[in-house]
> 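I am attaching a structure below and will ask some questions about it afterwards.
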Amino acid sequence: MKRALLLPIVLSAACAGAPAPRRDPVAPLPPAARSAGAEPARAAALPADAQPAPAPAGLSSVVRIADSQRTWGDVTQLLAGTPFGMFLLGAGPEALLEKALGPALVDVVDLARPLDIAVFGRSKGARIVASLSVPEREMSRLQDRFVLEEHRGMLRVKGVRAEEPEDRALPRVCAFEPGNRSGSARLICAEDAEDLEAAAPYLAQVVGREPLEVDARIEVPGRAVIEAMKDMPEEDDDSHSGKVGQGFAEAFVRDLESVSVDLTWASPDIDVGFGMRLASRRSPLALAVAPVAAQDAATPPAFFRLPRDTALAFYTQGASRAELTPLREAFFQGLRDDMAGEGYDAPGLDRFMDRLETLTFTGGPLVIGAGGDRAAAEKALADYKGGKGAARSQKAARRALQSWFLVAVEEPAQPWIAGVKELIQIGEELDRKKASATAAGNGARGAGAPGGPPKGDASKDDDDEQTTDLVVVRAPAALPAGTLHVELRSRPLTKDAPPAHTSHLYVVPAGQRTWIGLGEDGAAVVDRLRIAADPGRDERTLGAAPGLEALRQRGTLAGGLFSLAGWTMLAASGDSPEALDEAAEALGGLAALPARGETAMPLAITSEVLGSGAARVDVRVRVPGAGIRDVLALLMR
């Protein structure tokens, strides 16, 4: 089967699953903290008649630590028993700063208040400018302790008033910024005067005045992201779809003001945040990623109808159809151009695209859940590695790695059922016409002749490893009346292709909701669909699972849960001997972790469009203590 027939399934099933994770109790995720790029906070921090200092040229990131002493202790406790933890136990922030700035300057700063660091350049050539809080009581005594010189509104430190000459010099260029209110004074130090003067106004007037509601944050300006992308190797994709995707990415980065990652210690857990600030929503991706979201929206009820053994689960309120229009139009135009270039009939393509557009990129809530049988996969991989049955055990191991997944849309099922049937029919017609045209070309030029088409399957593209036929068959009696059942029967075309296999697609009516299920193990998919669609099976759903209070918060754009095991199973295809070896190694590594990688990590995503047209998107992930120990064990290998 060609891309034309697979596309509806790919769009509906955007992820795959894994074994059920352990769900530790979790508290509600904290609201996203604002960064230096957040419009409301910046406006409140500055005097009415002042303009914020611009970010200096060459700035690659800003690091903020709310309380260096406390954070050092938290990290030391977290890494206890590791080589790095032993190093931390033998040092401290005061000792490190003393080596960098000298004891006299360290004695006048408050490490329990925010430490801000501006980083210029990248990798080994990076240069650092640090800004530390100075208590108000120390400001009146500076003249007695240091030789100061006023320079551009700052007090440049020329030396230390000390009896011994060797104690008078400073290892860095430093200056005190008095601030415009009580408690806002800063000590700013750099390797040279040029970096100090460039970064000091921004660190003191903008960064230092922003509230820091997390324990640590790193923020990267949008222009630094653009520079980093220039250093990345270009992908060799000359297709129309590839060019459209590249255009999407480039336009989105132009909208990007900054990205950030932050950490909040909530012992024994850690909250991890990822934020994006958009200067505008001009690009198609910005409109889709940062939609206008209802601030009191509830989690879609279908999310809690997912089976209890779901390992990867996700919901989104979705962007509106209008917000998705630029993305939808560009996507389908690129897809159509690619398929036309492959020789598909133009009128048939128009019919196919028109029908596909009625089902996809329509906006509104979407729920996705996935899972699999990890125990069966581990056993099948052990048999395969042990050489039991060779080709037969290889096929069994691949099948055991395949996941089931469910998709729910808040739309009646009949348009979906009719649409999928029509897409299959139009797709078959497109393939037949293409095959006929190719066969006619073979007759005119001679198959295999120089400049002529290759011998073999006339409808096969050179890069196809397998072909898939879609066949509508009788739906299982266990599913509701009117269910559509489609078998995807795949067979290899090359020696390296996956073995012949059949997947099952079900479109299930559930009142005003539609459930879509997909997987090679039809019985497993049917069982999960029955749980999701039957109100009498509530006890087997996520809604009955403990510890998911964080996912019931109102006002989120999207959310869900995942685990290390879930992502590992998602990445394990098993389509080749090499892929099976990789899967065996990955699952074996998970088995050696303290919690076997099965700890569930909830996430919540919020979106806000500001009055100026700018926008912000924040992702919050709660990593429970058991998950932290698993991650550390992976990193220590």
> Mind telling me whether Phe332 and Phe361 have parallel, tilted or perpendicular rings, with 30° and 60° as the class edges?
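Answer is perpendicular, since the angle exceeds 60°.
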
> Please report the closest heavy-atom contact between Ala579 and Ser573, naming both atoms and the distance.
CB-OG, 3.7 Å

> Would you say that Phe274 contacts Ile605 through its side chain, given a criterion of any heavy-atom pair below 4.5 Å between the two side chains?
no

> Can you tell me if CD on Glu585 sees more than 12 non-hydrogen neighbours from other groups inside 6.0 Å?
no

> Which of these, Lys433, Arg336, Arg351, Lys434, sits in a salt bridge (charged side-chain N to carboxylate O under 4.0 Å, His left out) with Asp345?
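Exactly one option meets the salt bridge (charged side-chain N to carboxylate O under 4.0 Å, His left out) with Asp345, and it is Lys433.
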
> Measure the shortest side-chain to side-chain distance between Leu359 and Leu423 over non-hydrogen atoms and say whether it is less than 4.5 angstrom.
yes

> Excluding sequence neighbours, so at least two apart, what forms side-chain hydrogen bond (donor to acceptor under 3.5 Å, both in side chains) with Ser283?
Asp255

> Give me the atom names and distance for the closest heavy-atom approach of Gly560 to Tyr315.
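Residues Gly560 and Tyr315, closest heavy atoms: N-CE2, 4.2 Å.
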
> What residues, two or more places apart in sequence or in another chain, satisfy side-chain contact (heavy atoms from CB on, under 4.5 Å) together with Asp337?
His240, Gln333

> Taking all non-hydrogen atoms of both residues, which atom of Ala319 and which atom of Ala288 are closest, and how far apart?
CB-O, 4.0 Å

> Please enumerate all residues that pass salt bridge (Lys or Arg N to Asp or Glu O under 4.0 Å) together with Arg392, with sequence neighbours excluded.
none

> Taking all non-hydrogen atoms of both residues into account, name the closest pair between Leu366 and Ile368 and its distance.
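Between these two residues, the closest heavy atoms are CD2-CD1, 4.0 Å.
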
> Run the side-chain hydrogen bond (donor to acceptor under 3.5 Å, both in side chains) test against Ser436 and tell me which residues pass, sequence neighbours left out.
none

> List, one per line, each side-chain donor-acceptor pair under 3.5 Å for residues 394-401, sequence neighbours excluded.
unit_1	atom_1	unit_2	atom_2	d
Arg398	NE	Asp575	OD1	3.0
Arg398	NH1	Glu520	OE1	3.2
Arg398	NH1	Glu520	OE2	2.9
Arg398	NH2	Glu520	OE2	2.9

> Between Arg596 and Asp630, is there a side-chain N and carboxylate O pair less than 4.0 Å apart?
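No, Arg596 and Asp630 are not salt-bridged.
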
> Who are the side-chain contact (heavy atoms from CB on, under 4.5 Å) partners of Val244, not counting sequence neighbours?
Phe248, Ala330

> Could you tell me whether Asp521 and Arg528 have a side-chain N and a carboxylate O separated by less than 4.0 Å?
no

> Out of Asp469, Thr468, Thr502, Val471, which one pairs with Leu488 under the side-chain contact (heavy atoms from CB on, under 4.5 Å) rule?
Thr468

> Check the angle between the aromatic planes of His485 and His504 and answer parallel, tilted or perpendicular using the 30° and 60° thresholds.
tilted

> Search all heavy atoms of Glu428 against all heavy atoms of Leu470 and return the closest pair with its distance.
OE2-O, 3.7 Å

> Mind checking whether Arg622 and Pro602 have side chains closer than 4.5 Å, heavy atoms only?
yes

